[in-house]
Every structure is written in C-alpha cells, then in structure tokens.
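These notes are about the structure you will find just below.
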Number of protein chains: 2
Amino acid sequence: MSAEASPQRPAHSPLTERQEARRRRILHASAQLASRGGFDAVQMREVAESSQVALGTLYRYFPSKVHLLVATMQDQLEHMHGTLRKKPPTGERAAERVAETLMRAFRALQREPHLADAMVRALTFADRSVSPEVDQVSRQTTAIILDSMGLTDPTPEQLSAVRVIEHTWHSALITWLSGRASIAQVRIDIETVCRLIDVTDPHASDD
Amino acid sequence: MSAEASPQRPAHSPLTERQEARRRRILHASAQLASRGGFDAVQMREVAESSQVALGTLYRYFPSKVHLLVATMQDQLEHMHGTLRKKPPTGERAAERVAETLMRAFRALQREPHLADAMVRALTFADRSVSPEVDQVSRQTTAIILDSMGLTDPTPEQLSAVRVIEHTWHSALITWLSGRASIAQVRIDIETVCRLIDVTDPHASDD
DNA sequence: CGCTAATCTAGAACAAGTTTCAGACTTGAT
DNA sequence: ATCAAGTCTGAAACTTGTTCTAGATTAGCG
C-alpha cells in the first residue's frame, strides 16, 4: 500500500536517514516554490538548488517534474486527511457531510491557490508513467470521502457515486483555478454532485 | 459568440483567403500529428513544417501549443456536433439519451485515442491565458448535452446537473487516457452521473 | 502603378525540462 | 580498515516550447 517515489528501485532499499532528509528537503522546496508562483514557478533547477541537491539527484528521486508535484500532493493530502479526521463533519445526511468535507478542503486550497494550481495541474497532466502515483492520490481522496460518509463497507453503487464525486471535484477545481468558475459555482457543483449519494443511499427517505 | 484565434487582433480583420487556408493547414497538421503520438507528438516546429508556414507565423495564429490544441478540439467538436445532430439518441428518458450521446462521443474518441489525448490534456492543462477558448469548448459541450436532452429552456437545477456531467466527462476521459480506468468503468461513471438528470427532472416519475 | 503598413519567412537565440558523464563521497560487508 | 557497489555532485549537452530579428512578400489604397 505504499508506492514510494524512491531513488531507482520502487520499494527496495528503505532509504537511509540522509536520503530521507534529502527527500523531505526536496518536497519542502517544491511546495514552497509552488506556493509562490504555481506550476511554472516550480523549476527543477531551482528546486535542486533550494533543497541543496544536485539536479541529477533530484531526478533520481523524482523522475520528472510531474512526479515531483504529484508526490508533493500526496504529502499535502496526508496532512489534510489528518486535519479532517480531527474535526469530522457535522451534517446529518451523508451527502451533507461529504459536501462539508470537500468545501473545507476547498477552503484550505484557497489559502494557497498557487500551490493548488501546481498540484492539480500536475495531477491532470500526468501521463501513464505517473499512473501509480496518481492512483495513490486517488485512493487517498476516496478514503477521505468515505471517511466523511462514515462508511466502512460501501456498496458498489456508493463507490460509483464516490468516483463521480471525485471526478467533479477535480474538474471543478480546474475550472476554478483557471478562472472560469467562481468559488460560489464550485460550491454549487459540489453540492449538486453530492445529491448522488442520496440517490444511492438505501436509508435516504424511503424504506 | 465567436472567439476566433486569429492573427494579432482578436476578432478584427476577417482573414483573407490565403490566411484562412493557412489556418486550415495548421489545424490539419496539428490533428494529424496528434493522431500519431498524442500531446507530445505535436511539436511546434513539425506543425510549422507540415503546414508550410514559418514558426513565427504559427505563433501568430496560435499563441501557444495549448491554444493550438484547444482550437483543434473546437474544430473536432463542431464536426462531432454535426454528426450527432444527424442521428439523435433514441432513449426514452433524458438521462438515457445523454448517456447514449456521451458514449457515442466516447467511441469516436476511442478511434483516435492519441488525438483525444492531445486535445484533452491541452484542455485541462490550459491556464488563464486560454480561458476564452476553453470556455468556448465548454459551451459547445453544454450545447451538445442540452441538445441530446431535448431541452430548449433548462432550469437552473438542470444546468447544474449538466455542469456536473461535463466535469465527470472530462475527468473520466482523463483517467481512461492515462490508463487508470477501463472503458467499462468510464461507461459506469457516465451512467452514474446521468442519474442526476432524473433527480432534477420535474417529470421524472413523481408528479 | 507605386507606396505604406501589415504579414510572412528563415533562422538564430533563449528558457526550462531532461539526460549524461566523470569524478568525489557513502555505505555495507568482509 | 578496506574494498566494491551504489550514490551524489557539478557541469555540460540535448530537446522542445517560445521569442526575436532582419529582410522578403503581400494587401489595401490613392
């Protein structure tokens, strides 16, 4: 369950302490640069310099800029999942709780719009070579949503609804980031798609 | 209602015949290269050479690779809208018709997966400078969906559902293109999101 | 026709992602 | 402590998107 982006071999050597430190420095520099100017501001040479690592080494840890930014996203997502766990959503119906959770995540992203830009653009621009890492992000997102629904054992239908919610979440974020949708519009889209949960929820109102 | 990507001034001079011809050649070359190897295969120098135009001229017509590919998508979308009009979907309920239409479009994309890759990646990677063109694509897509619903005067709720359907459509395409979702999975996602139409349709079953 | 402004061309130049390589440094095993 | 294998560094090179320039061509106009 861990597809680490480690030097060379996928999950081989467990990374020495100095290597772990390098990896952190790199991710930190990446997030920092991204926070400043978004996707374009994360320049590999600058990341290398900021994190005091040679360019070649940076590429050994993260084989492309997109890999790096997706790993940055994994990092941030973990952080966010932790934060969300502490204050679970309070809505009564599952749909409300999911919408509440996503809007909370959205507000967090609004605080660092450039960072959000870098991460989301990388995620959707990623080609097949990044699939494992993108998939991991997707699983993490699914976990967050299911968590907020309070489900341990979702039905296939509910999983479908969650998939669609994730699609909407990503795409709505993009339209917001590129200035084609307002914050209010994103909220409406999220609330709209969350209705699907009611449609697939056996205890909705009937029965 | 036409945000042409024309040389220099937005909608100024109506383009001479030779200019129109150049523009066509460029779009044709773009689509051709994209069909071969997707986003990466569309290299500006090659597009320029294939369409017998200097690099500088190419950039005068389309100010970036993303602009070019989004324009290519507009072109293809128009074509598809025409095709879809000829054989309207046959389902009884609006949700069925929309799903049918999108699956038809999806099958068309499957025939040219590399072209689809180039266009969709460009669309989601586009930054603010391409917003007008991306918006135009979005309007065109909305029109196709509303067409298939047979709606001339949608309610705000229905428009919200259509927005979410578009989000899902784009994002599902991306997961398919990057090999993270199967064709079957895309179909399920589309069918799932189309249920939203029933939820917002006043004549669904009740009343 | 002849002029002027706009457009087009060829090609160099620049920017940033990625690759490569020789040599210095670490690590782990003996 | 020593050696082999693997890792890191610094720097150059390569690729492709983008910009710039000087001169040739074209379009519109009097």
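So that the names make sense, note that chain A is the first sequence line, chain B the second, and so on, each numbered from 1. Here the structure is a predicted model, which is why all the values come from computation and not from measurement. All values below come from the heavy atoms of this structure, side chains included, with hydrogens, waters and symmetry mates left out.
B/Val66 comes within 4.0 angstrom of no nucleic acid atom, judged by non-hydrogen atoms across all strands. No contact: B/Glu46 has no heavy atom under 4.0 Å from any strand. Within 4.0 Å (heavy atoms only), A/Val47 reaches no atom of the nucleic acid at all.
Ionic pairing of B/Glu166 and B/Arg163 is not present here: no N-O contact between side-chain nitrogen and carboxylate oxygen is shorter than 4.0 angstrom. The pair B/Glu191-B/Arg195 does not meet the salt-bridge criterion, since no charged nitrogen lies less than 4.0 angstrom from a carboxylate oxygen. Residues A/Glu100 and A/Arg104 are paired through a salt bridge, judged by an N-O separation under 4.0 Å between the basic side chain and the carboxylate.
When each of D/dC8, C/dA16, D/dG28 is scored by its nearest atom to the side-chain atoms of A/Thr57, the top-ranked nucleotide is D/dC8. Across C/dA12, C/dA16, D/dG17, the shortest atom-to-atom separation from the side chain of B/Met44 is found for D/dG17. Proximity note for B/Thr16 (side chain, C-beta onward) versus D/dT9, D/dT19, D/dG28: the nearest is D/dG28. Distance from the side chain of A/Val53 is smallest to D/dT9 among C/dC8, D/dT9, D/dC8. In the set D/dG17, C/dT19, D/dC8, the nucleotide with an atom closest to the side chain of A/Leu55 is C/dT19. For A/Arg22, the listed nucleotide lying nearest its side chain is D/dC8; candidates were D/dT16, C/dT9, D/dC8. Candidate nucleotides D/dT18, D/dT9, C/dT9 were compared by shortest atom distance to the side chain of B/Ser64, and D/dT18 ranks first.
Atom CZ in B/Phe39 sits roughly 14 Å away from atom P in C/dG17 (whole-Å rounding). What separates NE2 of A/His67 from P of C/dT18 is a distance of 10 Å, to the nearest Å. The NZ-P distance, from A/Lys65 to C/dT18, rounds to 8 Å in whole Å. Between the C1' atom of C/dT18 and the CG atom of B/Asp40 lies a distance of 13 Å, rounded to the nearest Å. Atom C1' of nucleotide C/dA6 and atom OH of B/Tyr61 are separated by 12 Å, given to the nearest angstrom. When the C1' atom of D/dT7 is taken as reference, atom CD of A/Glu20 falls 16 Å away, rounded to whole Å. When rounded to the nearest whole Å, the span between CZ of B/Arg18 and P of C/dC8 equals 9 Å. The nearest whole Å value for the distance from the CD atom in A/Glu49 to the P atom in D/dG10 is 10 Å.
Under the side-chain contact (heavy atoms from CB on, under 4.5 Å) criterion, A/Arg97 pairs with A/Pro89, A/Ala94, sequence neighbours left out.
With 3.5 Å as the limit, one finds no donor-acceptor pair spanning the side chains of A/Gln110 and A/Arg107. In the model, B/Arg18 has no side-chain atom that pairs as donor or acceptor with a side-chain atom of B/Thr16 under 3.5 Å.
For A/Leu58 and B/Arg45, each mapped to the nucleotide of DNA chain D holding its nearest heavy atom, the one lying further toward the 5' end belongs to A/Leu58. Each of A/Gln43 and A/Gly56 was matched to the nucleotide of DNA chain C holding its nearest heavy atom; the match closer to the 5' end belongs to A/Gln43.
Not one side-chain nitrogen or oxygen of A/Gln19 sits closer than 4.0 Å to the OP1 or OP2 atom of C/dT27.
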